[in-house]
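First comes the structure, then the notes that go with it.
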Amino acid sequence: MAILIAADLSADEWASWWPALQAALPDEQLVRDRAQVPAGQIDIALVANPKGGELQGLPGLALIQSLWAGVEGLLADPTVPADVPLARMVDPAMNEAMAQTALWAVLGLHRRFFSYAVQQQARQWRQRAQWRADEVPVAVLGLGHMGRAVAQRLALNGYPVRGWSRSQAEVDGVVALAGEAALAHVLSTARVVINLLPLTPATRAFFNADRFAQMLRGASLVNLARGAHVVEADLLAALDSGRLGHAVLDVFGTEPLPASHAFWGHPQITVLPHVAALTDPRSAAPVVAQNIRALRQGRPLEHLVDRSRGY
Ligand code: NAP
Ligand code: GLV
């Protein structure tokens, strides 16, 4: 049997993925082009933004393994076979990277380092009030693999952290709440709200004018999940009116963020180019290999997507 890598990768990305996958899967036949082997021989597809239709007509396909954590694109593609198990990327190294990004963002907001960066542009010498970490409550929306790592890292750094998820979670050092009723409380008590929800029909456009109105006046939003969680026009209006103080955005409705976009030059917005937690082939390839070995040995697959929930 053969493993198809159906991925829209740059030459540099291939140069790191290919040797990492070969090293992690020394006994497997890896192909980058499905024409290299008869269609019936492909039983696993490793995917990252596959071309539409690339996974059709593979009668032996038994596993689709995403190389990315977010799978909303695969779920929205009607040519991705719906009856084949779909696993997503869950890599502890990415959780660690996400925790670092969130800590940087919260420190930057808490200690006003983003405001000082704007002041520097204007050669302005102005000292702002210095708060303690325990005076800066943080909300983490989504307590999955990334959200948990983020919530714990922030709690360890002295921030009072409330986490929110669909079902009740338990996270050391964090007040975990669940369900719609708790959401207003979580939003209305945080100086910084961090989004780590998956993008699903229930969470698309989650951060809109109504939700911003529930947040503390002057609070900040950190979006590290998906751009479509945020209604961009509502965010700009909330920042311009002072309802929100600042936004740190790693993800956008259109990526790359167009050069003409209002976010680039906005003094209350910090833009990152979708780098909060990059997939690192050195740690991700062994994760992929583990699931492939599970399939080969008839053991349960890990990190399967529940298509009915959308994550
Ligand atoms: P995950 O493990 O699937 O966790 C999702 C969490 O969100 C779970 O706690 C889940 O609750 C909760 N949730 C889902 N739908 C909800 C709803 N309608 N209401 C309330 N809570 C809900 O996801 P993850 O791996 O942590 O990834 C989090 C986000 O980060 C995703 O959007 C992913 O695409 C994004 N991401 C971004 C980057 C980057 O570089 N910016 C990198 C990787 C991932 P339950 O536990 O109750 O199911
Ligand atoms: C990155 O955003 C991912 O989904 O892996």
Side-chain angles (χ1 to χ4, degrees), residues 7-9 13 17 46-49 65-76 86-102 104-105 139-153 161-171 174 176-187 193-207 211 221-230 248-253 255-257 270-281 283-284 287-288 302-311:
D8 179 20
L9 299 174
E13 287 169 329
W17 271 109
L46 308 184
V47 301
N49 304 332
Q65 169 70 57
S66 173
L67 300 182
W68 306 154
V71 289
E72 69 282 351
L74 292 169
L75 295 181
L86 168 62
R88 63 194 204 88
M89 176 55 64
V90 175
D91 177 354
M94 287 177 78
N95 301 339
E96 170 61 22
M98 189 60 90
Q100 292 169 354
T101 304
W104 160 82
V140 179
L141 273 50
L143 287 174
H145 292 89
M146 304 261 168
R148 280 171 177 270
V150 163
Q152 284 183 313
R153 181 62 49 87
V161 182
R162 285 198 180 89
W164 183 74
S165 55
R166 204 164 72 138
S167 56
Q168 185 60 49
E170 296 223 349
V171 186
V174 172
L177 298 163
E180 279 303 312
L183 179 60
H185 174 65
V186 171
L187 288 176
V193 174
I194 302 179
N195 177 34
L196 280 164
L197 293 166
L199 183 61
T200 69
T203 65
R204 185 173 288 275
F206 186 93
F207 290 96
R211 294 250 156 73
L221 174 70
V222 178
N223 186 17
L224 305 177
R226 286 294 183 260
H229 282 127
V230 175
V248 178
L249 306 174
D250 181 56
V251 284
F252 304 90
E255 295 183 5
L257 186 65
T270 300
V271 170
L272 294 178
H274 200 143
V275 291
L278 294 174
T279 313
D280 181 345
S283 52
V287 169
V288 167
E302 293 196 300
H303 312 308
L304 288 177
V305 173
D306 178 339
R307 284 178 157 97
S308 64
R309 290 188 320 186
Y311 66 99

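For ligands, and for the atoms within them, numbers begin at 1 and follow the listed sequence.
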For [X], counting its heavy atoms only, list the atoms of ligand 1 lying under 4.0 Å from any of them.
{"X": "Arg309", "result": "48 (O)"}
{"X": "Thr203", "result": "18 (N)"}
{"X": "Gly70", "result": "34 (O)"}
{"X": "Ala277", "result": "39 (C), 40 (O), 42 (C)"}
{"X": "Ala276", "result": "39 (C), 40 (O), 41 (N)"}
{"X": "Asp250", "result": "39 (C), 40 (O), 41 (N)"}

Ligand 2-proximal atoms of Met89, by part, heavy-atom distance under 4.0 Å: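 Near ligand 2, Met89 shows nothing, with every heavy atom at 4.0 Å or more.
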For ligand 2, the portion of Arg226 having any non-hydrogen atom under 4.0 Å away: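 For Arg226, the contact with ligand 2 is made by the side chain alone.
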For [atom], what's the nearest protein heavy atom and its distance?
{"atom": "atom 33 (C) of ligand 1", "value": "Arg226 NH1, 4.2 Å"}
{"atom": "atom 8 (C) of ligand 1", "value": "Gly144 N, 3.6 Å"}
{"atom": "atom 5 (C) of ligand 1", "value": "Pro198 CD, 3.6 Å"}
{"atom": "atom 37 (C) of ligand 1", "value": "Leu224 O, 3.2 Å"}
{"atom": "atom 2 (O) of ligand 2", "value": "His274 NE2, 2.6 Å"}

Aromatic ring pairing Trp164/Phe206, orientation class (parallel under 30°, perpendicular over 60°, tilted between):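 Rings of Trp164 and Phe206: tilted, 30 to 60°.
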Using a heavy-atom cut-off of under 4.0 Å, does the side chain or the backbone of [X] touch ligand 1, or both, or neither?
{"X": "Trp164", "result": "side chain"}
{"X": "Arg148", "result": "neither"}
{"X": "Ala69", "result": "side chain"}
{"X": "Val90", "result": "neither"}

Option whose closest heavy atom lies nearest to atom 17 (C) of ligand 1, chosen from Arg88, His145, His303, Arg166: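 That would be Arg166.
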Arg148 (side chain) donor-acceptor with Glu170 (main chain) under 3.5 angstrom: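 It does hold such a pair.
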N/O donor-acceptor pair under 3.5 Å between Arg88 side chain and Val305 backbone: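 A pair under 3.5 Å: no.
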Do [X] and ligand 1 have an N or O pair less than 3.5 Å apart?
{"X": "Leu143", "result": "yes"}
{"X": "Leu196", "result": "no"}
{"X": "Glu72", "result": "no"}
{"X": "Leu197", "result": "yes"}
{"X": "Met146", "result": "yes"}

Per-atom contacts of ligand 2 with Met94, taking only distances under 4.0 Å to non-hydrogen atoms: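 Numbered from 1, ligand 2 contributes 5 (O).
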Polar contact flag for Gly70 and ligand 2 (N/O pairs, less than 3.5 Å):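 Looking only at distances, the answer is yes, because the N/O contact criterion of under 3.5 Å is met.
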Check: Ala69 N/O within less than 3.5 Å of ligand 2 N/O: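 Ala69 vs ligand 2: N/O contact under 3.5 Å present.
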Name of the residue among Leu197, Leu224, Asn95 meeting side chain to side chain contact (heavy atoms under 4.5 Å, CB included) with Met146: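 Among Leu197, Leu224, Asn95, the one meeting side chain to side chain contact (heavy atoms under 4.5 Å, CB included) with Met146 is Asn95.
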